[in-house]
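Structure first, then comments.
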Amino acid sequence: MLRTFGMGNYYPISTGTYGKLAKAYGLGTTNRNNAVNKTGKGLYADAITRINGARSVNPSSQTVKSLGNEAKELAVSANKLTNTGRGNIFANIESYDKDAAYKAVSDFVADYNETLDKLGSTYDSTVRNTGDSMKRMTGIMKNSLEKAGITIGSDNRLSLDEETFKNADFSKVKSLFNGGSSYAGIVSTSASRIAATSSARTDSYANVLYGNGLYGNAGLYGASGLYGNMGLLGSLGLYGNSYSPYSNSLSGLFFNGLF
């Protein structure tokens, strides 16, 4: 019982794992005025807060999410070219604005290259496979793209030459970029699929880590886990901040109590 807890009991706690963790985070067990302990959290709760604060989000999840965002931008820039509605860039040769078309294709090329870069840094095979068809289609269209001033590098990135593009035949440029069945239309479809696949994979990572996994309700850091609210080191646990012998509440033995 608490009233019979003596120094003999305190020694192994202060020198064992409990004590080592306290020292590692600069939290004294005998100073009732310790600034950290004034926060209303128990010693272990403070330590875990620091650990959790330094814990980064799953890198694979972040990379896939970043790829998904870039793929969405590629789809948007591609759709500006494929648009066949009134006033579209390639409506007719009489109203064809070469500068506006060049700007739109430049944005498309930049977003395409950014998406490739993100694909290259993604280790998720499911997402990478989704982008392979887009690169294959670009390779198939190599000759047609070159006639519009677009070349494919050894790294599969695209380069756009302004002079060649502006001097290219209007009908050939239009067939490349305007309409859903054009090259830009196919890229738009691929980009949308990459974005959708990335979103699904990101949700999958989140479920593994947070839904039913490590940080989920029953996981190690979840509400019912070791470091959760109800766990051993949580706010209501043995080393938490609510009326336990090792907390810093009014009834805590080692923070505002005996020591």
Side-chain angles (χ1 to χ4, degrees), residues 48-83 103-142 145 150-160 176-177 180-229:
I48 296 307
T49 295
R50 296 188 182 194
I51 293 172
N52 289 345
R55 186 177 60 235
S56 62
V57 178
N58 183 285
S60 296
S61 177
Q62 286 293 84
T63 303
V64 171
K65 182 177 181 180
S66 180
L67 168 61
N69 291 336
E70 194 57 55
K72 289 178 183 177
E73 292 186 19
L74 173 58
V76 170
S77 61
N79 290 338
K80 289 180 180 179
L81 294 168
T82 62
N83 175 35
K103 174 63 169 59
V105 174
S106 293
D107 292 341
F108 168 82
V109 167
D111 288 335
Y112 180 95
N113 290 337
E114 286 292 332
T115 300
L116 279 190
D117 290 344
K118 298 298 183 182
L119 277 168
S121 60
T122 302
Y123 294 99
D124 189 298
S125 60
T126 302
V127 177
R128 287 174 65 91
N129 290 338
T130 307
D132 286 345
S133 61
M134 183 179 74
K135 290 188 288 185
R136 284 196 296 269
M137 178 53 64
T138 298
I140 292 172
M141 300 296 294
K142 181 177 182 292
L145 288 170
I150 299 176
T151 55
I152 306 171
S154 58
D155 56 358
N156 292 313
R157 288 169 60 88
L158 302 181
S159 297
L160 174 63
L176 270 175
F177 298 107
S181 59
S182 67
Y183 166 69
I186 295 172
V187 170
S188 175
T189 300
S190 295
S192 296
R193 288 175 178 170
I194 292 172
T197 303
S198 298
S199 178
R201 296 299 288 171
T202 300
D203 290 342
S204 177
Y205 281 123
N207 185 59
V208 169
L209 284 175
Y210 298 100
N212 297 311
L214 185 62
Y215 305 114
N217 182 63
L220 184 63
Y221 296 98
S224 301
L226 180 62
Y227 301 113
N229 188 54

At their closest point, which heavy atom of [X] faces which heavy atom of [Y], and how far apart are they?
X: S190; Y: S133; answer: OG-OG, 4.0 Å
X: E73; Y: D111; answer: O-OD2, 3.4 Å
X: A191; Y: A75; answer: CB-N, 3.9 Å

Item to check | side chain to side chain donor-acceptor pair (under 3.5 Å) involving D117 - partner list, sequence neighbours excluded | outcome: R157
Is the side chain of [X] donor-acceptor paired with the backbone N or O of [Y] at a distance under 3.5 Å, no angle test?
X: S192; Y: S188; result: yes
X: R128; Y: L119; result: yes
X: S77; Y: L74; result: yes
X: N83; Y: N79; result: no
X: S66; Y: T63; result: no

Value rounded to 0.5 Å, distance of [atom1] in [X] from [atom2] in [Y]:
X: D124; Y: T122; atom1: CG; atom2: OG1; result: 7.5 Å
X: I194; Y: S199; atom1: CD1; atom2: OG; result: 13.5 Å
X: L116; Y: M134; atom1: CG; atom2: CE; result: 5.0 Å
X: T138; Y: N156; atom1: OG1; atom2: CG; result: 8.0 Å
X: I150; Y: Y112; atom1: CD1; atom2: OH; result: 10.5 Å
X: F108; Y: L158; atom1: CZ; atom2: CG; result: 7.0 Å

Next on the checklist: If you define the side chain from C-beta out and look only at heavy atoms, does anything of V64 sit under 4.5 Å from S198?
Outcome noted: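 Sidechains of S198 and V64: in contact.
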Item to check | Within-4.5 Å side-chain heavy-atom neighbours: I186 and M141 | outcome: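 No. Closest side-chain heavy atoms not under 4.5 Å.
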Item to check | For T151, all residues meeting side-chain contact (heavy atoms from CB on, under 4.5 Å), sequence neighbours excluded | outcome: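 Once residues adjacent in sequence are excluded, the partners of T151 under the side-chain contact (heavy atoms from CB on, under 4.5 Å) criterion are E146, S159.
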Item to check | Listed partners of D107 passing salt bridge (charged side-chain N to carboxylate O under 4.0 Å, His left out), at least two apart | outcome: K103
Checklist entry - For the residue pair F177 and Y183, does the interplanar ring angle fall in the parallel (under 30°), tilted (30 to 60°) or perpendicular (over 60°) class? => result perpendicular
